[in-house]
Amino acid sequence: MSNSEAAMSVLNWKIGFEIELMAPRGLSRQDLAESIASANDAGVRRVFHPQSELSHVPGTPVFHNLTLGFEVIDRQGNAIARCVDDLTLINDLDKTHEPQPGWYRIVSNDTRFLQLVTCQADPACELSEVLKPIASLFATTLEAGPGGMVRVADSTGNPIAIAAPLPGERERPCELITPPIDVNHFERLENFLSTSRSLGFTIPSEGATHLHFTLSNDERGAENSFGDGCPYCLLLQLREAKLSPKHRLKHFIISRD
């Protein structure tokens with residue numbers, strides 16, 4: 001067993017992992033989700049994934065987005081993985097690449113409108129149809145725009161949301177998200193990562209791994225005396241083992257039990 005395998009094999013904490021990957025050209029995060037589902041006798045459903053990015057439009061400092069993600073669901077109805085976009089992954093992409101059929105994002109300058117879209121719209125719908133329920137709520141109709149864009153505005157003309165094709169190879173970034181794992185961490189992760197390797201997924205130049213774990217109140221009072229099975233020890237062991245020189249353990253997030 002390698003040093004990294006040994007480090008994970010002794011973990012006794014519940015940890016959620018977020019691992020940033022990049023699909024090879026010609027594939028997407030949907031391909032990874034479907035392959036993980038096939039390997040685990042599971043299904044895939046398309047979901048909206050919320051994100052934000054800085055805007056270059058005067059008076060609108062931030063654009064809020066819903067991008068297309070893919071959730072892997074087992075036969076019991078439990079999510080075992082999510083494959084979603086991460087807008088921080090940009091350096092490995094061809095920004096001039098034409099949008100791929102079926103890929104789009106929904107943009108608004110108000111997160112409340114995107115929450116409304118998430119509740120009322122179906123992410124399985126095509127771009128031309130996805131905002132129809134929102135237009136119906138505001139008693140308006142969809143407005144077609146340049147480049148395949150579709151817009152919803154209220155009766156006074158104020159914008160609600162825009163659905164637009166997704167250019168620049170944005171279907172390739174993939175943040176692989178697991179639910180909290182409490183046992184067999186290495187085996188569970190290797191199940192997903194071996195699938196990603198077989199498809200040719202690689203580590204993005206900005207790639208990072210995020211660990212989400214929970215401390216009880218007692219453990220919070222003893223943060224400097226963690227046992228061998230804690231995530232802090234995993235962080236140190238993975239750094240010492242240089243599991244991947246490009247893949248940084250970027251965020252170490254502690255939440256209250």
Side-chain angles (χ1 to χ4, degrees), residues 16-18 20 28-34 36-37 42-55 57 60-74 77-89 99-145 147-168 170-180 210 212 253 255:
F17 295 85
E18 298 178 1
E20 294 170 358
S28 70
R29 54 186 171 272
Q30 181 177 2
D31 294 293
L32 179 56
E34 290 175 347
I36 290 173
V44 175
R45 68 181 178 194
R46 197 153 84 166
V47 297
F48 291 131
H49 179 62
Q51 299 187 90
S52 298
E53 62 181 331
L54 295 178
S55 165
V57 177
T60 306
V62 176
F63 272 137
H64 303 286
N65 295 254
L66 295 177
T67 55
L68 295 178
F70 301 87
E71 193 168 49
V72 183
I73 308 294
D74 67 16
N78 301 311
I80 62 173
R82 268 195 176 208
C83 297
V84 300
D85 192 8
D86 186 320
L87 292 175
T88 67
L89 304 180
Q100 297 300 293
W103 288 88
Y104 61 85
R105 66 175 177 169
I106 299 173
V107 181
S108 178
N109 61 2
D110 192 326
T111 58
R112 293 172 296 180
F113 289 145
L114 291 186
Q115 291 173 13
L116 184 66
V117 172
T118 299
C119 292
Q120 298 293 322
D122 184 355
C125 285
E126 296 299 318
L127 185 156
S128 60
E129 303 286 326
V130 68
L131 290 180
K132 277 188 173 181
I134 310 305
S136 178
L137 286 174
F138 284 87
T140 61
T141 59
L142 298 180
E143 303 172 12
M149 180 183 72
V150 175
R151 178 177 181 265
V152 175
D154 65 18
S155 59
T156 65
N158 290 318
I160 304 299
I162 296 171
L166 194 66
R170 290 273 8 138
E171 72 281 356
R172 291 179 57 210
C174 178
E175 185 168 37
L176 174 62
I177 302 175
T178 75
H210 305 215
H212 297 255
I253 301 171
S255 60

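Just so you know, residue 1 is the first one in the sequence shown, and it goes up from there. What's counted below: heavy atoms across the whole structure, side chains too, no hydrogens, waters or symmetry copies.
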S.K.: Please report the interatomic distance CG(L166) to OG(S28), rounded to the nearest 0.5 Å.
M.R.: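 So the CG of L166 and the OG of S28 are separated by 10.5 Å.
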
S.K.: In sequence, state the C-alpha distance, the side-chain angles, and the governing distance for L137 and Q120, and then conclude on side chain to side chain contact (heavy atoms under 4.5 Å, CB included).
M.R.: CA-CA 9 Å; L137 286 174; Q120 298 293 322; 3.7 Å; yes

S.K.: Do P123 and V130 have side chains that get closer than 4.5 Å, going by heavy atoms?
M.R.: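 P123 vs V130: side chains apart.
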
S.K.: Side chains of D86 and T88 only: does a donor on one sit below 3.5 Å from an acceptor on the other?
M.R.: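 Yes, T88 and D86 have a side-chain donor paired with an acceptor closer than 3.5 Å.
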
S.K.: Can you check whether I73 reaches R45 side chain to side chain, under 4.5 Å on heavy atoms?
M.R.: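 I73 vs R45: side chains touch.
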
S.K.: Identify the two heavy atoms, one from L127 and one from G148, that lie closest to each other, and give their separation to 0.1 Å.
M.R.: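 Minimum heavy-atom separation between L127 and G148: CD2-O, 3.1 Å.
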
S.K.: Using side-chain contact (heavy atoms from CB on, under 4.5 Å) as the criterion, list what pairs up with L87, not counting sequence neighbours.
M.R.: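 Only Q51, E53, N65, D85, R170 meet the side-chain contact (heavy atoms from CB on, under 4.5 Å) criterion with L87.
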
S.K.: Please give me the minimum heavy-atom distance between P165 and G147, naming the atom from each residue.
M.R.: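 So the minimum-distance heavy-atom pair works out to CG-O, 3.2 Å.
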
S.K.: Return the CD to CZ distance between E143 and R151, rounded to the nearest 0.5 Å.
M.R.: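 Taking CD in E143 and CZ in R151, the distance rounds to 4.5 Å.
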
S.K.: Any idea which heavy atoms bring P179 and A79 closest together, and the distance?
M.R.: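 Heavy-atom minimum between the residues: CG-O, 3.4 Å.
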
S.K.: Quick one: closest heavy-atom pair of I160 and S108, and the distance?
M.R.: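 Here I160 and S108 meet closest at O-OG, 2.9 Å.
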
S.K.: With distance as the sole test, does R29 use its side chain to make a donor-acceptor pair with the main-chain N or O of R82 at under 3.5 Å?
M.R.: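 Looks like no, no N/O pair under 3.5 Å.
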
S.K.: Step by step, work out the side chain to side chain contact (heavy atoms under 4.5 Å, CB included) result for V47 and F70.
M.R.: CA-CA 6 Å; V47 297; F70 301 87; over 6 Å; no

S.K.: Which heavy atom of A161 sits nearest a heavy atom of I106, and at what distance?
M.R.: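 Scanning both residues completely, I find the closest heavy atoms to be CB-CG2, 4.1 Å.
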
S.K.: L114 and D110: side chain to side chain contact (heavy atoms under 4.5 Å, CB included), yes or no, with the steps?
M.R.: CA-CA 7 Å; L114 291 186; D110 192 326; over 6 Å; no

S.K.: Is Q30 close to W103 at the side-chain level, that is, under 4.5 Å between some pair of heavy atoms?
M.R.: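 Of all side-chain heavy-atom pairs linking Q30 with W103, at least one is under 4.5 Å.
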
S.K.: Got a sec, which residues hit side-chain contact (heavy atoms from CB on, under 4.5 Å) with T111, two or more places apart in sequence or on another chain?
M.R.: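 With sequence neighbours excluded, T111 shows a side-chain contact (heavy atoms from CB on, under 4.5 Å) to H64, Q115, given in chain and number order.
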
S.K.: Going by heavy atoms in the side chains, are E175 and C83 under 4.5 Å from each other?
M.R.: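 SC-SC contact between E175 and C83 ruled out.
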
S.K.: Could you tell me whether a side-chain N or O of T140 sits under 3.5 Å from a main-chain N or O of A153, the two making a donor and an acceptor?
M.R.: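 It does hold such a pair.
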
S.K.: Could you go through V107 and F113, starting from their C-alpha distance and side-chain angles, then the distance that decides it, and tell me whether this counts as side chain to side chain contact (heavy atoms under 4.5 Å, CB included)?
M.R.: CA-CA 9 Å; V107 181; F113 289 145; over 6 Å; no

S.K.: Are T118 and L66 packed together at the side-chain level, in the sense that at least one heavy-atom pair is separated by less than 4.5 angstrom?
M.R.: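 They are in side-chain contact.
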
S.K.: So which heavy atom on D122 is nearest to which on F48, and how close?
M.R.: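 Minimum heavy-atom separation between D122 and F48: C-CZ, 4.1 Å.
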
S.K.: Any side-chain heavy atom of V84 sitting closer than 4.5 Å to one from I177?
M.R.: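 Yes; the side chains approach each other to less than 4.5 Å.
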
S.K.: Less than 4.5 Å apart, side chain to side chain, heavy atoms only: is that true for M149 and I162?
M.R.: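 Yes. Closest side-chain heavy atoms under 4.5 Å.
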
S.K.: Side chains of I36 and L176: closer than 4.5 Å at any heavy-atom pair?
M.R.: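 Side chain of I36 against side chain of L176, heavy atoms only: contact under 4.5 Å found.
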
